[in-house]
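Scroll down for the structure; my scribbles are underneath it.
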Amino acid sequence: MSTAWGKAGRFTAKALGIKLQDKDPYDEVTRGESIVSNHTTSTFVEEPPHTAEFLREVIPSGRQLGDYALSLFPFTSWIGHYNLQWLLGDLVAGITIGAIVIPQGMAYAQLANLEPQFGLYSSFMGVLVYWFFATSKDITIGPVAVLSSLTGDIVANVMAELPNVPGHAIASALSILAGAVVLFIGLIRCGWIVDIISLTSLSAFMTGSALNIAVGQLPTLMGIKGFSTRDPAYLVFIHTLQGLPRTKLDAAMGLTALFMLYGIRSLCNYIAKRWPQHQRVAFFLSTLRTVFVILLYTMISWLANKDLPRGTSKFKILFDVPRGFRNAAVPVLDKTLASKLVGSLPATVIVLLIEHIAIAKSFGRINNYTIDPSQEMVAIGVTNMLGPFLGAYAATGSFSRTAVKSKAGVRTPFAGIITAIVVLLAIYALPAVFYYIPNAALAAVIIHAVGDLITPPNTVYQFWLVSPLEVIIFFVGVFVTIFSSIENGIYCTVCLSFAVLLFRILKAQGRFLGRVKVHSVLGDHVIGDDPRKPVDGGYGTFAGSGSSDAPYRNIFLPLTHADGSNPEIELDNPYPGIFIYRFSEGFNYPNASHTLEYMVRYIHQNTRRTTLSHFDRPGDRPWNDPGPSRRKLKAATRAGIDSNEVGVNLHLPTLKAIILDFSSVNNIDITSVQQLIDVRNQLDRYASPDVVDWHVACISNRWTKRALVSAGFGYPSTLPDGQIRRWKSIFSVAEIGGEQSAAATAEQEVNEKEFGPTLSSRGRAAQQHQRGSSMDIESGSNTDDAEAAGNLKATASGSERIPAAAAAAARSRFGGGRTVAVHGINRPLFHVDLTSALQSAIANVEARAEFTAATKSSIKGMEHLATPTPTSQSQENFQGGNTSDGSVTTNSKPTPGASLPPYDTVDPQKEGLSSP
């Protein structure tokens, strides 16, 4: 069946003109070669990934679907283990949060242009629903200052266009739309999307919003009227200063309440530091300061206004707050209302997500657990979609309440149920008390709460030390929020951060690396200089102890020392004509052109053409290379210098090989690969008649290897005449067995238990002797012939024998264990690290030079030995000619005595191969 499908595929490809790649175009590279591989029966050939494999990874299995369904309800993993100790911790934390969220909820409802009861509804639904879907025990969902202020702006704008729609209906519709978007993102498990928003954007947005909200509450705090508090913050502040003469009695209530809130917190902090044994008591007193202040000023308000007619007061108070859920109904969401809210939906979703996820991650790290951002989005989405049915508006995680909940000793998300019960009691039992709450006291609570959201100067200074450019973005976001709106501030900071990121990617510039030998020093001695101790204890890459300057290791640093390395260190050029280039910001379509242009420009500046350009007349030159001036040409003619050599630095090397460091590259795309192909062709023309070798090191993705292989990388290039030369393959091998392996250690322990240490060591020695005499190191095949046990060494021409002493040395060097290639031998130009890539590049460049020199001497020998008279006889002895690259090829055996070196070329047609 598979054969039939294969034939059908080949027929379809032929009909469509698709050139299929050979199944394995690398046979000509490895044919006749082998690598040191003790006791192995086969070498490692790496297979490329296939589309079916990708689909298997993407398409979920039945078990994964079941796990996904369970992950939607995380409480099932811990609810069965709930105990009394957990309940006590949740009870304390739940009651504490309930006492805090009641006054905050009513205060934040005023920010949202709604009546106080809607803040209580949002507080109730947030804590009631969240625990079913929560992956954080600390988060408290409910009304927050920033989201409430944004909702208030949106409600005011929509009411101006749709005056017949009540404000709470607009807020509920906004909550449903935003919740649906967030829920969808969470269900498809795209919680990583919040990572697009940087910490700079979040800090600027929170700081600007806090200042905006605090300034907007100043008129309420002072009892000043006569202007809109929804104007930009700077206008509200100016109008407040202008209205100071109109200050009323509200200022006495508000300013003293604000002073008392900060005073209690400072006093509790002092007590905690002065008397650490009372730290927990001080914490709870500080936590309940909001409740205490609201109750105190509610009592003062009752004493001042109890004798006045209902509906009148000496200063502004809440008045009637409905008991129960009077606004519970199916939310109104028609096409007209939805169209008015769509424009504000992105800002609402951003505020819903970034504050909640940032808080959840922060407290997860503090308390040593991990949250699932996607599942948190599910929790936010469900909460905001169900809340409007009871009259709630948009809610998300609160930083201040989450911090209090964490310090109060919460144990599980079940504490939300306790908080919901407290809020429910307040909705039904305390509306009569809410009547006398002063608005100025609620404004003081809001200003006190948002003050913690302002980024302190020390944090901004730390930002400056890390990235000065992002500090500029931070202040731009803050100023836009103050002088415009919270919504514009969000868009501004997010867009600026994304623009900076895109600029860094687009203008990414790699580094050319040089090599230097380094030693590791501990105290006053070099690690490994004591022969009685191991060089590295099994870690690191040190030279062998037999080296003259061992122990050392090779590292590669930027030639310009742009990484901050000591500029006094002289970096060795890897090899004349060989360049090592490291990508800095990945290698994809945005930065492929820029980074490759820099690479080509640098190579042109530090090399010369292999064959100098020859122009008989000035008009033959291209317009972009007009050549030297007439004055220089005349001077060269007088000096007897070829005019084509004028302006050319003949001391520069020719281009031989390029090593690409892919350590910072994960994926590549079609554009980047095509750019790489174009550069390869350009440099091949530059180095003609030679061919540039391209080595790639540190590839960490199989799909990246597949893309490079499909573009012709990973194996030697085809010569201009269509022939493929043998390649001196250098592979990195690793031990997969032996005395130091886990299997050998386990076997030794079993033998010692059964036979004792003496017998087990003897048996192990005998086993090693038997293996050493019956296994071929290269091919790994069993043989009884003593001569067949000789080692094989990987060379360009194939396998040649080496003495048995060398075989024993090789076996000893690999620890007497089994070794295998780390990367597939079918891709000899892909390397595990830069060291092996450089070794391979140098070895083949030198082998090519030796081959060229030997070829020239062989040709001279053949010309000297050939019979000069009959032309046909001369052609019989040597038929060939110059190829397009200037080299000489032979089509018949040369005259005896003029043998070619082993580094030769192979005709694919004669070998039965196809050129890659």
Side-chain angles (χ1 to χ4, degrees), residues 93 96-105 107-108 111-112 119 122-123 126-127 130 134-151 194 197-214 217 261-262 265 269 283 286-290 348 350-367 369 371 373 376-377 379-380 383-384 394-408 410 413 415-416 419 445-456 458-460 474 477-478 481 486 489-490 493:
T96 304
I97 297 302
I100 297 173
V101 75
I102 292 171
Q104 283 190 350
Y108 293 154
L111 284 177
S122 297
S123 302
V127 294
Y130 174 71
T135 60
S136 170
K137 68 179 180 65
D138 300 301
I139 281 286
T140 298
I141 290 186
V144 294
V146 178
L147 184 58
S148 298
S149 180
L150 180 62
T151 301
V194 297
I197 302 173
S198 66
L199 178 60
T200 306
S201 302
L202 176 61
S203 300
F205 149 70
M206 298 297 289
T207 301
S209 300
L211 293 174
N212 200 321
I213 293 168
Q217 291 301 304
L261 286 169
Y262 280 105
R265 185 171 72 174
N269 291 337
F283 162 73
S286 178
T287 298
L288 298 176
R289 65 185 180 274
T290 302
T348 307
I350 291 175
V351 175
L352 277 175
L353 293 181
I354 59 177
E355 188 173 0
H356 181 99
I357 302 300
I359 295 169
K361 286 184 176 181
S362 176
F363 282 91
R365 298 187 189 102
I366 293 173
N367 296 312
Y369 64 85
I371 66 127
E376 290 297 314
M377 291 183 182
I380 300 172
T383 300
N384 284 282
T396 188
S398 167
F399 178 80
S400 60
R401 294 195 295 270
T402 299
V404 170
K405 189 177 181 181
S406 177
K407 293 181 180 179
V410 64
T419 302
V445 170
I446 294 174
I447 294 174
H448 180 67
V450 300
D452 296 331
L453 301 179
I454 299 176
T455 304
N458 183 59
T459 303
V460 178
F474 170 82
V478 172
T481 304
I486 294 176
I490 295 172
T493 53

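Hydrogens, waters and symmetry mates play no part in the numbers below; they use all other heavy atoms, side chains included. Throughout, numbering of the chain's residues begins at 1 and tracks the sequence.
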*For atom NZ of Lys407, is the number of surrounding heavy atoms from other residues, nucleotides or ligands below 6.0 Å larger than 12?*
no

*asked:* Looking at Tyr262, is its backbone amide N or carbonyl O close enough to the side chain of Arg265 to form a donor-acceptor pair, meaning the two atoms are under 3.5 Å apart?
replied: no

Between Ala214 and Val450, the two heavy atoms sitting closest are CB-CG2, 4.1 Å

Beyond-backbone contact of Thr348 with Leu147, side-chain heavy atoms, under 4.5 angstrom:
yes

* Asked: Do Tyr369 and Thr135 meet the criterion of a side-chain donor-acceptor pair at a distance under 3.5 Å?
  -> no

Would a distance-only check, ignoring hydrogens and angles, find a side-chain to backbone donor-acceptor pair under 3.5 Å from Thr396 to Leu352?
yes

Sorted by chain and residue number, the salt bridge (Lys or Arg N to Asp or Glu O under 4.0 Å) partners of Arg365 (sequence neighbours excluded) come out as none

Nearest heavy-atom contact between Ile486 and Ser209 is CG2-OG, 3.5 Å

Scanning both residues in full, the closest heavy-atom pair of Lys405 with Ala415 reads CE-CB, 3.9 Å

#### Entry: Within 6.0 angstrom of Phe399 CZ, more than 12 heavy atoms from elsewhere
no

Quick one: does any side-chain atom of Thr207 pair with a main-chain N or O of Thr455 as donor and acceptor, under 3.5 Å? yes

With a 3.5 Å distance limit and no angle check, can you tell me whether Asp138 reaches the backbone of Ala403 through a side-chain donor-acceptor pair?
no

Applying side chain to side chain donor-acceptor pair (under 3.5 Å) to Ser149 and not counting sequence neighbours gives none

